[in-house]
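Okay, so here's the structure we're looking at.
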Amino acid sequence: MDSDEEQEWVPLKNRPEWSDVVPVEQDDGPNPVVPIAYKEEFTETMNYFRALYRADERSPRALQLTTEAIKLNSGNYTVWHFRRLILKALSADLQNELDFTEDIARANSKNYQLWHHRRWVAEILGTNATTQELEFTKKILSHDAKHYHAWSHRQWVLQELGGWEDELDYCHELLEEDVFNNSAWNQRNFVITRSPFLGGLKAMRESEVSYTLKAIVAHPENESSWRYLRGLYKNDNQSWMKNTQISSVCLKILIAKTDCIFALSTLLDLICHGFQASQEFRDAVDALRNSDLEQAESDLAKTICSLLETVDPIRVNYWKWRKSMLCQDAN
Amino acid sequence: MELPVATVTQHDQWKVESQVFRIYDLFGNLPPNAQSVMIELQRDNHIEYLTRGLRQLPPSFCTLDASRPWLCYWILHSLALLGESVDDELEHNTIDFLSRCQDPSGGYGGGPGQLPHLATTYAAVNALITVGGDQALSSINRCELYKFLQQMKHPSGGFRMHDGGEIDVRACYTAISVASILNILDDDLVHNVGSFILSCQTYEGGISGEPGSEAHGGYTFCGVATMILINQINRLDLPRLIDWLVFRQGKEFGFQGRTNKLVDGCYSFWQGGVFPLLQRVRSIIDEQLVLPDAGGHSTTNGTHTSTTSSISEVGESFEGTSSHVDDACHSRQEVNFNDIGYNFVKRPIEMEPLFHSLALQQYILLCSQEEKGGMKDKPGLSRDFYHTCYCLSGLSVCQHMWSDEEDSPVLPRALMGSYSNLLEPIHPLFNVVLEQYHEAREFFTRD
């Protein structure tokens, strides 16, 4: 495919419309470090670009040249910047820019410049762009559901242009497909805390807690849902600690004896925030202990830390540290 | 009958796990002498790969044509970590080339004649500090650079990456890091940066690029380092941050960048490198942990209600050298931000690393290392200079996590492999080799 495009490429020096332009070489010095063995097409395109950039020529042909330059290196922010100056000067149809950026994204969408440009365009188009932008990000996310730039762009669109109505459903759809998709959980948090239609975190909390607990019970090894649950009580630890649904789910998972790390660490946090664990919790934790390996501790929080040291060995130092902090706490 | 179908996340994760475990199995079944060969850092091959890149790059590097100061930094810093310096001619050529990337009105662009950009400014400044010597250090036009930083400052408190560019946590870090190391950081630049970073700490505990986005390793390093450099680390919810951070190290022994994403060698530094930062502000974390509901996070509107000690206060206890702010560029301020980085690195770590240092070293050496030189993301992918830089930086962090003081020797138990694997220590806030940092500090605080 590349070679086809190369064959079609006509050197700028052979194009009559460029005959008045004197190309400007890159000032790399006599012995540059990290010199790149540019292909002829790249060198020539950039030489003509430098000439127009230096002359500040904001013309249709300059616009065309930035298209070619960006196709050769979509990370060149100077070219994108100049392109925006040209677009403004020409009062160009920005609808074309959406097609252009989509084109660039097809080759490589992990690039700050194209998304920044897209945001600039959408900002000018305003609410006319809402649907298109939501569709565009959806398309990117259908190939890579955790695409960082696409999610940032989508959040910007929602906040600046709107389109919140179906967003919670969209999060649900993505989580149905892949409940381990942390980006979808993050977006869910974004929606329930910021959507103007849902009444905010407190109004959503009850239904979100049951939604999340279901996901946790189905996959207790899924860190995303546990963190999301905790996030529902950001800055409100007391309500979190007092919600018996949460401690009950921890207990249920501990009794089932599989994938207990997050249940244990949640229980530890609950206790640190004042949760009074009943004998049932102690028994469930004790049942997980290998009495040959671990010393019995009178304190449940300490027992949990010791248990985590063995069942979660990669974080052994972390759990030891947490345990050491409990001692200070108690006195 | 319905069998549960693996989701995309599970499928991708299992694939990587099996590749990694195959390598560890192979390693585990080798006799000890063969193991020590396999775990060896391929110093000479890395040096050769890096030096060759500095001299010539193939056409495929066109996509990095706006990141050439980064290429300089990745390569030179990797070499410095390996204890290797380039010859006088290459040094001279580096200084000359980067001068051509420097904009007459301040800052460095991605190549000669390109717009100045904060990321490439950070890379160029760190590359020049790594080269070291008066010629390299004096080539940086600090007065103009300060003006460039001021121009990039946004009323929100954040910074723009370049004229009309994006505002994010990366921009804050690169601006603040450069200003701090060049001794030109002041109240104007610091104004509201802390509030911006704070607004990017997510419900998960880590830090995102922009408010609302997902917690991410790269931004978490940038956010934490920035908060320390501006003396506002106590405003973050540090227990939640550490809890998120320790869980980024997985079964594969390496770090992932985000929850439920795949391991990647570069996060050895972006995530692993946060530990030498946080473990030096332990008293602040301890306070937040003991009083979980009175921690830094309850502050609003940028006012500090927390009782936690600030770094500069603690910094005073280290035979505080008097401050020398560059009066030529701006007036001096009450808290000298420019001493924070200097005092910070003298603070002891005091405790064992909160992550699994030996496991991470094993991932870097067995899974990220290319035998013929260079480092990579994970098995099956190819090496590149970015991953070489950040895998080696992460490895250095691991090796020096146990040192109680700046100059104390590295203990054998801190090291995976033999002493021949030992890398130079870095300054963890800037990610330049410590010795080079001290030379720069001395140079920029002179007169």
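Naming convention: chains lettered A, B, ... in sequence-line order (proteins, then strands); numbering from 1 in each chain. Bear in mind the structure is a predicted one, so any value in this text is a computation, not a measurement.
- Side-chain atoms of Cys62(B) and Tyr38(A), non-hydrogen and from C-beta on, do get closer than 4.5 Å to each other.
- A side-chain donor from one of Ser224(A) and Asn260(B) sits under 3.5 Å from a side-chain acceptor of the other.
- Using a 4.5 Å cut-off between heavy atoms, Tyr228(A) contacts chain B through both its backbone and its side chain.
- Judged by distance alone, with hydrogens and angles left aside, the side-chain atoms of His117(B) form no donor-acceptor pair with the main-chain N or O of Tyr77(A) at under 3.5 Å.
- We find the CD-OG1 distance between Glu176(A) and Thr7(B) to be 12.5 Å, quoted to the nearest 0.5 Å.
- Side-chain N/O atoms of Ser152(A) and Ser213(B) include a donor and acceptor closer than 3.5 Å.
- If you tally non-hydrogen atom pairs under 4.5 Å between each of Glu210(B), Met161(B), Glu89(B) and chain A, the highest count goes to Glu210(B).
- The contact between Asp65(B) and chain A is made by backbone and side chain atoms together, counting heavy-atom distances below 4.5 Å.
- The candidate with the highest count of non-hydrogen atom pairs below 4.5 Å against chain A, out of Phe97(B), Phe247(B), Phe355(B), is Phe247(B).
- Under the 3.5 Å distance criterion, with hydrogens and angles disregarded, a donor-acceptor pair is assigned to the side chains of Glu214(B) and Asn182(A).
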Go through Tyr148(A) and Tyr219(B) one step at a time and tell me if the ring-ring contact (aromatic ring centres under 6.0 Å, His included) criterion holds.
-> CA-CA 12 Å; Tyr148(A) 205 83; Tyr219(B) 297 116; 5.6 Å; yes
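- Looking at heavy atoms from C-beta onward, Glu166(B) lies out of side-chain contact with Arg119(A) at the 4.5 angstrom threshold.
- Arg315(A) is not listed as a side-chain neighbour of His356(B), based on a closest heavy-atom distance of 4.5 Å or more.
- With respect to Lys234(A) and Glu204(B), no salt bridge is recorded, no charged nitrogen being found less than 4.0 Å from a carboxylate O.
- With salt bridges taken as basic N to acidic carboxylate O contacts below 4.0 Å, one links Asp243(B) and Arg227(A).
- For the pair Asp28(A)/Arg68(B), a side-chain contact is recorded, criterion being any heavy-atom separation below 4.5 Å from C-beta on.
- Side-chain contact between Leu90(B) and Val33(A) is present, with heavy atoms from C-beta onward closer than 4.5 Å.
- Between the side chains of Ser183(A) and Lys261(B), not a single donor N or O lies within less than 3.5 Å of an accepting N or O.
- For the pair Arg84(A) and Asp163(B), the salt-bridge criterion is not met [side-chain N within less than 4.0 Å of a carboxylate O].
- A distance-only check finds no donor-acceptor pair linking the side chain of Asn76(A) to the backbone of Leu64(B) [under 3.5 Å].
- Taking NZ of Lys146(A) as the reference point, atom CG of Leu262(B) lies at 7.0 Å (rounded to 0.5 Å).
- For Tyr53(A), the part lying near chain B is the side chain, with the backbone staying farther off; criterion is any non-hydrogen pair under 4.5 Å.
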